[in-house]
Amino acid sequence: MPELPEVETIARGLAQRVSGDVIDSVWLGRKPEPLKSPALEIAAALEHSRIATVRRMGKHIVFDLEHNGVPAQAQWIVHLGMTGRLQVCEPQAEILKHTHAILKLASGRELRFVDPRRFGRLSVARGFDAGGIEPLEADLDRFLDLFRGRKTPIKSALLNQKLLRGVGNIYADESLFRVGIRPRRRASTITRDQLGKLLVSVKEVLREAIALGGSSISDYVDADGEAGFFQLQHRVYGREGEPCLVCKTPIKRIVIAGRSSHYCPKCQK
DNA sequence: ACTATGTCCTGCGAGC
DNA sequence: TGCTCGCAGGACATAG
């Protein structure tokens, strides 16, 4: 479900709501499938820890922990996959289907991880490395380096988290539309000048989306249960057959690396 | 080393 | 109404 802007929105909301709170106890669903680290390791790292900060790295949510004011070695890492949600609620709130983890907080509230499709992952790490570079912090030289000699379609390269972290299917399509590059264009065939413009539009799209609280397609909501509004700004994503907002040509949908890809055949070369 | 493809899951809407 | 099909904000493992 969530890409960089959605994860950023969620992490900010969580930071506001649970920073400073202490994790009294942890319940993890019996099936350890959504866990990347052993359940016991996760529980041991979380229980009796104070949540110092909550922040985003790529599409990951990082909880920095501390014990008695001393920063802990371990960090709690949450990846929401396609359908993962973190909800802060009162203990009496109905436990939703597909709830896989419940953290009881000293404030009396609970932090719950809900994920119907189970693509999300919970883990603990030390000095977590999300791989790739942060698009919003990328400078031109490092951005150009990512694509040098790559024959893969530019869309695939943008989605590769080992190169660039945080861009997903929606924002890749939207960024490419804004610079007029077709998603199937081989990365190595794009000029420096065009890649420079691509970096500008990636940043632009991500910043605008964050400002609107992300894109809510079917069920995405932030930590407060609020939907985002960037879906209203989508120019190609999800608009197959509808007229291009610039030239009226019907938007095309093709499949690249198993992912739906939307573009305007006239505006994008 | 890089690239393309299949797989993991559940739920929903479209079409019959 | 009820079924089947295709599709979904992601990331791996595997094969070539």
Side-chain angles (χ1 to χ4, degrees), chain A residues 1-11 29 31-37 56-61 77-86 96-100 113-123 128-132 135 145-176 183-189 202 205-206 208-210 212-223 226-241 253-262:
Chain A
M1 155 175 48
E3 305 181 33
L4 186 152
E6 292 77 35
V7 179
E8 178 71 26
T9 304
I10 291 165
K31 293 178 197 160
E33 289 150 70
L35 308 181
K36 224 171 156 181
S37 307
R56 177 194 63 75
M57 286 179 76
K59 296 175 193 170
H60 298 265
I61 300 171
I77 312 297
V78 178
H79 192 293
L80 298 171
M82 295 277 253
T83 53
R85 280 181 60 187
L86 283 167
L96 299 175
K97 198 174 170 184
H98 306 300
T99 297
H100 302 117
F113 176 64
V114 186
D115 183 16
R117 279 177 78 181
R118 294 170 174 268
F119 286 172
R121 288 291 177 266
L122 309 182
S123 59
F128 176 66
D129 173 17
D145 277 345
L146 302 180
F147 307 107
R148 204 151 281 147
R150 293 201 178 266
K151 292 188 193 158
T152 198
I154 184 66
K155 166 86 183 264
S156 299
L158 289 174
L159 292 181
N160 184 343
Q161 302 296 297
K162 290 192 174 72
L163 302 179
L164 198 62
R165 61 191 197 211
V167 174
N169 210 31
I170 293 176
Y171 300 103
D173 281 4
E174 293 299 318
S175 301
L176 289 169
R184 262 212 251 268
R185 267 286 289 284
R186 303 277 147 182
S188 58
T189 69
V202 166
V205 165
L206 294 175
E208 288 175 21
I210 290 170
L212 293 180
S215 301
S216 290
I217 301 294
S218 63
D219 56 356
Y220 160 76
V221 287
D222 68 16
E226 299 290 331
F229 293 97
F230 192 73
Q231 67 279 8
L232 303 174
Q233 306 297 320
H234 293 174
R235 299 181 191 170
V236 285
Y237 185 84
R239 297 194 62 244
E240 181 186 11
R253 174 185 172 278
I254 59 177
V255 175
I256 300 173
R259 314 294 304 278
S260 274
S261 304
H262 312 76

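A, B, ... follow the sequence lines: proteins, then strands. Residue 1 opens every chain. Treat the numbers as computed from the prediction; the structure is a model and nothing was measured. The basis for the numbers below is simple: all heavy atoms, side chains too, and nothing from hydrogens, waters or symmetry mates.
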Pairwise [atom1] distance for [N] and [M], with rounding to whole Å:
{"N": "B:dT5", "M": "C:dC7", "atom1": "P", "result": "16 Å"}
{"N": "B:dG11", "M": "C:dC12", "atom1": "P", "result": "24 Å"}
{"N": "B:dC12", "M": "C:dA11", "atom1": "C1'", "result": "23 Å"}

| field | Plane angle bin for A:F113 and A:H100 - parallel if under 30°, tilted between 30 and 60°, otherwise perpendicular | value |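 Rings of A:H100 and A:F113: tilted, 30 to 60°.
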
Is a side-chain donor or acceptor of [X] paired with a backbone partner of [Y] at a separation under 3.5 angstrom?
{"X": "A:T152", "Y": "A:A157", "answer": "no"}
{"X": "A:Q161", "Y": "A:G58", "answer": "no"}
{"X": "A:S188", "Y": "A:G149", "answer": "no"}
{"X": "A:R259", "Y": "A:V255", "answer": "no"}

Please report, rounded to the nearest Å, how far the [atom2] atom of [N] is from the [atom1] atom of [X].
{"X": "A:I77", "N": "C:dA11", "atom1": "CD1", "atom2": "P", "answer": "14 Å"}
{"X": "A:H100", "N": "B:dT10", "atom1": "NE2", "atom2": "C1'", "answer": "10 Å"}
{"X": "A:N160", "N": "B:dA1", "atom1": "CG", "atom2": "C1'", "answer": "13 Å"}
{"X": "A:E240", "N": "B:dA14", "atom1": "CD", "atom2": "P", "answer": "14 Å"}
{"X": "A:L146", "N": "B:dC2", "atom1": "CG", "atom2": "P", "answer": "12 Å"}
{"X": "A:R239", "N": "C:dC7", "atom1": "CZ", "atom2": "C1'", "answer": "19 Å"}
{"X": "A:F147", "N": "B:dA1", "atom1": "CZ", "atom2": "P", "answer": "20 Å"}
{"X": "A:R85", "N": "B:dG11", "atom1": "CZ", "atom2": "P", "answer": "14 Å"}

Looking at [options], which one has an atom nearest to any side-chain atom of [X]?
{"X": "A:H98", "options": "C:dG10, B:dT10, C:dA11", "value": "B:dT10"}
{"X": "A:P153", "options": "B:dA4, C:dA11, C:dC12", "value": "B:dA4"}
{"X": "A:P116", "options": "B:dG11, B:dT5, B:dT3", "value": "B:dG11"}
{"X": "A:K162", "options": "B:dT3, C:dC12, B:dC9", "value": "C:dC12"}
{"X": "A:R259", "options": "B:dG11, B:dT3, C:dG10", "value": "C:dG10"}
{"X": "A:E3", "options": "C:dA8, C:dG10, C:dC12", "value": "C:dG10"}
{"X": "A:F119", "options": "B:dA4, B:dG11, C:dG10", "value": "C:dG10"}

| Would A:Y171 and A:S215 satisfy side chain to side chain donor-acceptor pair (under 3.5 Å), going step by step from the backbone distance to the final call? | CA-CA 10 Å; A:Y171 300 103; A:S215 301; 2.6 Å; yes

Could you tell me whether the phosphate oxygens of [N], OP1 or OP2, come under 4.0 Å of any side-chain nitrogen or oxygen in [X]?
{"X": "A:H79", "N": "C:dA11", "value": "yes"}
{"X": "A:K151", "N": "B:dA4", "value": "no"}
{"X": "A:R186", "N": "B:dA4", "value": "yes"}
{"X": "A:R121", "N": "C:dA11", "value": "no"}
{"X": "A:T83", "N": "B:dG11", "value": "no"}

By the 4.0 Å heavy-atom rule, please label [X] as base, sugar-phosphate, or nothing.
{"X": "A:G168", "answer": "sugar-phosphate"}
{"X": "A:S260", "answer": "sugar-phosphate"}
{"X": "A:Y171", "answer": "nothing"}

When you measure only distances, ignoring hydrogens and angles, does the side chain of A:R117 come within 3.5 Å of the base of C:dA8 through a donor and an acceptor?
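Between C:dA8 and A:R117, which were checked side chain against base, a qualifying N/O pair under 3.5 Å is present.
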
A:Q161 vs A:R253, nearer the 5' end of DNA chain C by closest nucleotide |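 Going by which nucleotide is closer to the 5' end, it is A:R253.
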
* Between A:R118 and A:D115, is the closest basic N to carboxylate O distance under 4.0 Å? ->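 No, this pair does not count.
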
Both distances under 3.5 Å, Watson-Crick or G-U wobble: report the partner of C:dG2, or none.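 Answer to the pairing question: B:dC16, which forms a Watson-Crick or G-U pair with C:dG2.
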
